[in-house]
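Worksheet: one structure, shown below.
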Amino acid sequence: ASTAAQAATIKIALAETPSDELAAFFVALDRAKANGLDYEWTAFADEELAIQSVLGGQMDIGFGTPYAAMQRSKAPIRIIYQLSKLKFFPVTTMKYNDLKDLDGEPIMLHSRGGGTDSIANVIESKLGIKLGERSYVPGSQNRVVAMIAGQAEATILDLSNKNKIIAQAGDKFHALPMFDVDASDEALFGNVDWIKDNSDQVDIFVKALLSVYRDMAKDPTIIRRETNPDGPIGQLPPEVLAELDGFYADAVAGGLYDTNGGGRKAAKADMEWYSGAGQLDGTVDTLNIEDFWYLAPLDAAMQ
Amino acid sequence: MFILGYKLPAMSSLILWALLWEAIGRLELTFFVPAFSTVIMTLIELVQTKVFQKALSETAYAFSVGIGASVLIGIPTGILMGKSRLLDEMLLPWVNIFISAPLTALVPVLMVLFGFGTKTIIITTALFAIWIIILNARAGVMQINRSLVEMARSFGAGPFTAFYKIYFWAALPEILGGVRIGVIRAVKGVIIGQLLVSIVGFGALFELYSSNFLMAHFWAVLLVLFTLAFAIAEFLSFLERKVAFYATKR
Amino acid sequence: MSAVIVFSAWEIAGRVPISYSFPTFLESMAALAVITLDGSIFVAYAETLKPLVTGIAISGVLGVGIGLWVGLSEKFEWLFAPIFIVMQAAPLAALIPLLVMIYGIGLTSKVFVVCIMAMPVIVLNTASAVRNTPVSLKEMARSFLANDHEVLLKVIIPAASPIIFSGLRLGVSAGFIGAILSELKITPTGVGDIITFSRSIADYPTMYAAIFSIILLAVLFLNLLEKLENYLFEGNNRGYISD
Amino acid sequence: MAISQTSAQPLASTADIAVSVRNISKKYNQTEALRNLSLDFPKGELTSLLGPSGCGKTTLLKIIAGLLDANSGTVQVGGQTISGPGPDRAFVFQDFALMPWANVIRNVAFGLELRGIAKSEREAIAEKYIASVGLTGFEKSFPHELSGGMRQRVGLARALSVNAQVLLLDEPFSAVDEQTRRKFQEDLLALVQNESKTFIFVTHSIEEAVYVSDQIAILLPRPSRVSEIIRPSSFRGKSVDNIRRDPEYLDIVDQIWASLRSYVE
Amino acid sequence: MAISQTSAQPLASTADIAVSVRNISKKYNQTEALRNLSLDFPKGELTSLLGPSGCGKTTLLKIIAGLLDANSGTVQVGGQTISGPGPDRAFVFQDFALMPWANVIRNVAFGLELRGIAKSEREAIAEKYIASVGLTGFEKSFPHELSGGMRQRVGLARALSVNAQVLLLDEPFSAVDEQTRRKFQEDLLALVQNESKTFIFVTHSIEEAVYVSDQIAILLPRPSRVSEIIRPSSFRGKSVDNIRRDPEYLDIVDQIWASLRSYVE
Ligand SMILES: Nc1ncnc2c1ncn2[C@@H]1O[C@H](COP(=O)(O)OP(=O)(O)OP(=O)(O)O)[C@@H](O)[C@H]1O
Ligand SMILES: Nc1ncnc2c1ncn2[C@@H]1O[C@H](COP(=O)(O)OP(=O)(O)OP(=O)(O)O)[C@@H](O)[C@H]1O
Ligand SMILES: [Mg+2]
Ligand SMILES: [Mg+2]
């Protein structure tokens with residue numbers, strides 16, 4: 001059994017280094033490990049590379065939202081679990097109190113055609129406003145720095161950077177209330193053939209994820225408690241670990257995580273979102289869920 | 001550098017710069033630059049952690065292999081390019097292309113050819129170090145006094161013997177200058193290598209600390225790198241000084 | 001000749017394909033033709049060339065100047081060499097937030113990125129070359145009454161020129177990379193914008209077309225640099241020992 | 001008559017010819033250095049090349065050494081057409097060609113080093129030749145710490161130490177004082193006499209050529225050919241101090257001088 | 001008597017002394033090159049320095065040129081103690097010191113360039129001196145394309161072109177042929193005669209020294225001092241070809257030879 005288990009070691013391609021945002025994921029991995037899952041992970045510099053490594057077969061399970069890749073490469077890559085929703089926070093100086101106030105105002109975004117750009121588009125269309133000049137500064141940290149240095153008054157940040165800027169300069173900046181988006185920010189995906197060949201393992205993994213997400217929804221502090229002190233998260237600097245509870249409390253409250261692993265609802269939202277953002281050709285009606293999601297493991301876990 | 005007749009160690013000006021850093025940090029102009037002393041304290045804590053030690057050993061390994069490869073490949077390549085028109089005309093366009101290609105353009109190729117582990121990091125490190133080594137060795141060799149080469153040939157030196165008994169030594173001052181700069185560049189190269197495809201080693205620490213705004217930690221890691229760069233630069237200048245006796249008398 | 005090898009290697013690599021984000025040479029050239037014909041590449045270069053040209057001019061002139069100074073004066077070396085070592089060793093990504101902090105997200109920051117990329121190697125190489133000036137020539141110049149300034153200009157620089165130019169070669173191409181990098185990391189404008197945008201919509205041929213164009217430009221510039229070197233210091237070019 | 005003059009005909013049977021140069025031409029870009037030059041160097045003799053500055057003496061020597069390729073023509077050493085340098089020939093360079101990074105003993109021993117002689121042995125040999133050129137005490141000095149004449153002597157010692165059959169000497173005594181020069185001349189003559197080595201010797205001193213040579217080849221200005229070959233009757237037996245007033249000696253010097261001068265003016 | 005010998009006493013009033021060297025000592029690390037050397041060089045005369053290889057002639061010349069600092073002692077040029085190079089002195093280097101990146105005309109014009117002469121003017125002057133050393137046609141050649149003797153002539157032309165009052169020549173004719181050497185000797189003598197320039201001349205040829213010099217200083221081996229000063233009666237009037245058989249001339253040569261040899265052996 002041991003040789004079989006070793007042969008089936010799941011290789012996971014992360015799209016970023018382990019940090020607070022991945023704590024829940026690693027807790028799930030540990031739970032899965034207790035149930036007999038053997039895994040190893042590699043952190044890639046960006047999502048592109050993580051997707052490519054799965055496409056190329058060097059990695060089994062990837063981390064990201066590979067919609068464009070799935071459509072373009074026609075590779076049998078499918079999403080199996082939604083890890084987090086697209087939650088971005090419009091952060092502004094105290095000058096603005098509502099998204100509507102941003103009408104006609106300049107805003108700083110990640111890059112043209114990138115995720116924050118599409119969020120800005122959606123904000124415009126949902127609220128019927130027109131944002132002012134868009135300047136682009138890639139990298140959340142750089143936007144935080146630019147904000148603190150006073151070079152911009154409004155930007156869009158992810159949860160963790162939003163928390164950081166508020167922690168650094170809460171007196172000057174705040175996050176504006178934002179409507180909910182169900183589309184995925186991060187999802188787990190893999191090669192369908194591989195998933196089918198290793199369905200036992202995948203099932204254990206998805207089950208573990210689901211259980212962690214559900215437990216976390218009840219009590220966000222389990223993440224901090226269950227984190228393996230010798231694992232990649234446990235080794236993070238104490239300053240980061242100290243903020244885990246706060247982060248997950250916020251995240252759960254903010255609806256970052258779906259307790260049902262996304263599934264069909266997420267798939268629909270994604271197709272809508274990513275075709276809107278220009279990464280997918282076609283519309284929700286013409287796109288086929290089966291081309292993007294492989295739902296069997298999630299369905300099995302939900303039972 | 002002499003002050004009042006005392007010879008100051010070569011890098012002693014760093015103390016001055018550290019003081020300046022401390023002052024800027026103390027002024028708390030920006031959270032981005034913590035005081036030097038804070039960074040040192042953090043560093044002391046940091047070096048005791050397993051994560052740091054692992055990162056250090058990974059980084060040092062990739063760094064030294066990358067440097068070793070660049071030196072072993074770069075010096076002969078540069079010498080041969082400086083010596084032979086055919087090779088130079090074949091290789092120089094490649095060198096020009098490679099030095100002007102942004103690394104991001106090569107990522108897909110690197111990843112497929114070398115995977116996403118240590119090999120890619122080593123290659124990246126070498127890509128940072130090797131060009132200046134090649135170019136300087138080439139320039140050094142093109143200036144060699146022809147009589148020396150003829151002399152060696154007339155006493156029966158084969159191409160290989162001439163290579164390491166004449167070309168290498170005659171161009172050594174230039175070669176060492178190139179190696180010194182190449183090694184300093186490689187310090188940056190190894191970090192970029194660790195960030196380029198998969199994130200490991202010091203690259204991972206960088207990424208982590210900067211994305212979490214742990215500036216003291218961030219600067220502590222940078223400080224380790226700078227120390228590495230200075231130590232190596234100083235060692236190679238020491239070697240350069242050893243050949244200085246003939247560098248100006250050729 | 002070499003170009004043919006490079007391009008066919010690229011074409012083959014693209015055909016294999018080694019990666020779905022790596023287009024073939026022909027696809028990229030087609031994309032290049034498209035952006036050239038619709039003129040967007042010229043608009044982009046108008047934007048990119050600003051920090052590029054300014055940065056390279058500053059790095060070239062200041063780099064050689066400071067390099068000479070560092071190479072000639074021990075005091076100056078003692079004080080300033082560490083800065084260039086730091087500049088050379090520090091990963092740029094680490095410095096960008098600092099730059100953004102101090103110089104904002106405009107042209108100044110980008111020029112700085114170009115300089116940080118280009119200058120250290122020019123300075124350090126020039127400095128080490130200067131120390132190797134043949135003493136007999138310096139003596140000769142002094143005996144014919146050259147003042148320090150003339151010794152520098154007429155003996156030290158020509159004698160050091162091969163090594164100075166090898167540093168310039170690397171520095172200038174690093175400057176080209178720096179210009180793109182600054183547009184990728186600070187604010188996407190010009191060619192950097194073409195790269196990020198086509199990357200985000202997975203239009204890889206266009207992305208590689210843009211990268212190709214900048215490499216092409218850099219290589220052309222390097223050849224120009226070589227011509228300049230041969231023109232200025234003709235006699236230094238003693239040809240190859242092989243012929 | 002003290003002079004036997006030949007018009008470039010082989011003097012002796014080929015067996016006695018150490019180096020034979022046939023119809024050599026050499027062009028550097030625009031400069032035509034040698035044109036169709038033929039010359040034989042008998043074994044165990046010292047041949048001097050006399051010719052105006054820049055006429056191609058160094059070029060000819062380098063071609064014989066196998067360091068330069070002629071545009072046309074062949075060089076035979078010991079009956080074999082050469083295609084490159086060989087252990088049978090040693091070169092003393094006009095510009096000394098010392099390795100600036102090596103000290104005197106290493107420079108002198110370099111020829112032996114390339115022949116794979118063990119360090120202790122080659123240093124012993126080098127030591128001997130360093131002494132014979134009067135540089136004892138400077139073994140550990142570097143070339144830049146030597147005077148011009150001392151450097152030249154290092155180059156000479158290096159060439160002598162490899163014990164080659166043919167020695168190609170390009171103005172080997174130009175920078176040494178008269179006293180040293182005479183001692184070296186005696187040393188060369190002893191080598192010719194006792195070990196029947198063949199010397200090809202470039203000099204600008206007619207007196208020296210007449211005194212030491214078995215045969216003197218006078219070269220024309222660029223493009224160079226052999227204008228005449230003179231075989232001075234040997235003055236070697238006579239003491240150096242006496243020949244200066246020897247009318248026969250003075251006649252030859254005058255004759256050579258006249259013929260050199262004729263085409264320079 | 002053809003020889004007037006003095007023991008380093010001033011010959012003429014100080015007004016007539018162009019260069020005066022007093023109690024110069026120079027040590028390189030362990031090597032003591034000059035010890036307490038004093039010597040006067042009268043204005044409008046040609047003084048030769050004769051001495052064994054490595055005795056310190058180049059060192060002395062460089063000290064006079066202001067390129068090297070002596071450990072003790074002073075040098076006066078035109079009555080002024082010097083502290084560095086000056087426009088009154090020009091140097092011909094033993095190792096030529098040509099700039100490899102500059103072609104012949106630029107090398108020759110370099111001294112004038114440093115004096116701020118306009119390009120067209122200095123090239124015209126350089127052209128003239130290039131012709132006078134017989135290098136016409138090689139103006140655009142680079143040093144590595146020249147023969148040894150041609151390089152030496154470039155260095156000579158450069159020093160002559162700046163028109164300095166004192167010329168310091170370190171073995172300036174060592175690599176040129178006899179014919180050229182004689183022409184140059186005549187040229188120097190003309191400069192001494194017509195423009196009353198002062199020459200300090202290092203050579204290893206006793207004959208040359210006797211023929212061209214007003215005064216010959218014979219130096220002892222390292223550490224060098226002046227052993228004697230010889231003022232040969234002028235042979236300049238006589239034709240070069242004749243003096244070779246002139247017994248008076250031969251006597252002086254022999255005498256110098258004897259005294260050089262005495263302390264070498
Ligand atoms: N590398 C070269 N490139 C071009 N021309 C050259 C080169 N080497 C020599 N020459 C030319 O060839 C001719 C002969 O040169 P060579 O060195 O053989 O003369 P030489 O007889 O040795 O003169 P000297 O007595 O001055 O040493 C010269 O006119 C010189 O200009
Ligand atoms: N840079 C130096 N370092 C150490 N010793 C030196 C240096 N330059 C010269 N010497 C020594 O000083 C002595 C005199 O040298 P110099 O060059 O003045 O001799 P020279 O009389 O010109 O000889 P030559 O006739 O051979 O040119 C020599 O013994 C030499 O070894
Ligand atoms: Mg020659
Ligand atoms: Mg000398």
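The chains referred to below are lettered A, B, ... by the order of the sequence lines, with proteins before strands, and numbering in each begins at 1. All values derive from a computational prediction rather than experimental measurement. Only heavy atoms go into these numbers, but all of them, side chains included; no hydrogens, no water, no symmetry mates.
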message: Does any backbone or side-chain atom of B:V200 lie under 4.5 Å from a heavy atom of chain A? Answer side chain, backbone, both or neither.
response: neither
field: Structural part of B:L195 lying under 4.5 Å from a heavy atom of chain A
entry: backbone
message: Tell me whether A:K162 forms a cation-pi arrangement with A:F89, defined as NZ or CZ under 6.0 Å from the six-membered ring centre and within 45 degrees of its axis.
response: yes
field: Charged N-O contact under 4.0 Å between B:D88 and B:R138
entry: yes
- prompt: Would you say the side chain of A:V212 lies within less than 4.5 Å of the side chain of A:F25, judging by non-hydrogen atoms?
  reply: no
query: Which class fits the ring pair B:W21 and B:W219: parallel under 30°, tilted 30 to 60°, perpendicular over 60°?
result: perpendicular
- line: Smallest heavy-atom separation, A:K87 atom then A:G254 atom, equals CE-O, 2.9 Å
statement: Heavy-atom closest pair (A:L14 atom, A:A50 atom, distance to 0.1 Å) is O-CB, 4.0 Å
field: Test ring pair (Phe, Tyr, Trp, His ring centres under 6.0 Å) applied to A:F26 and A:F63, A:Y39, A:W41, the passing residue
entry: A:W41
Which atoms of [X] come close to chain B, meaning under 4.5 Å heavy atom to heavy atom: side chain ones, backbone ones, both, or neither?
{"X": "A:T17", "answer": "both"}
{"X": "A:N163", "answer": "neither"}
{"X": "A:S53", "answer": "both"}
{"X": "A:Q168", "answer": "side chain"}

- prompt: Which of the residues B:V197, B:L214, B:V51 is involved in the greatest number of heavy-atom pairs with chain A at under 4.5 angstrom?
  reply: B:V197
statement: Distance col, row B:I40:CD1 vs B:E22:CD, nearest 0.5 angstrom, shows 9.5 Å
- prompt: Rounded to the nearest 0.5 Å, how far does CG of B:L135 lie from CG of B:N96?
  reply: 8.0 Å
field: Proximal to chain B - members of residues 230-241 of chain A, heavy-atom separation under 4.5 Å
entry: A:Q235, A:L236, A:P237, A:E239, A:V240
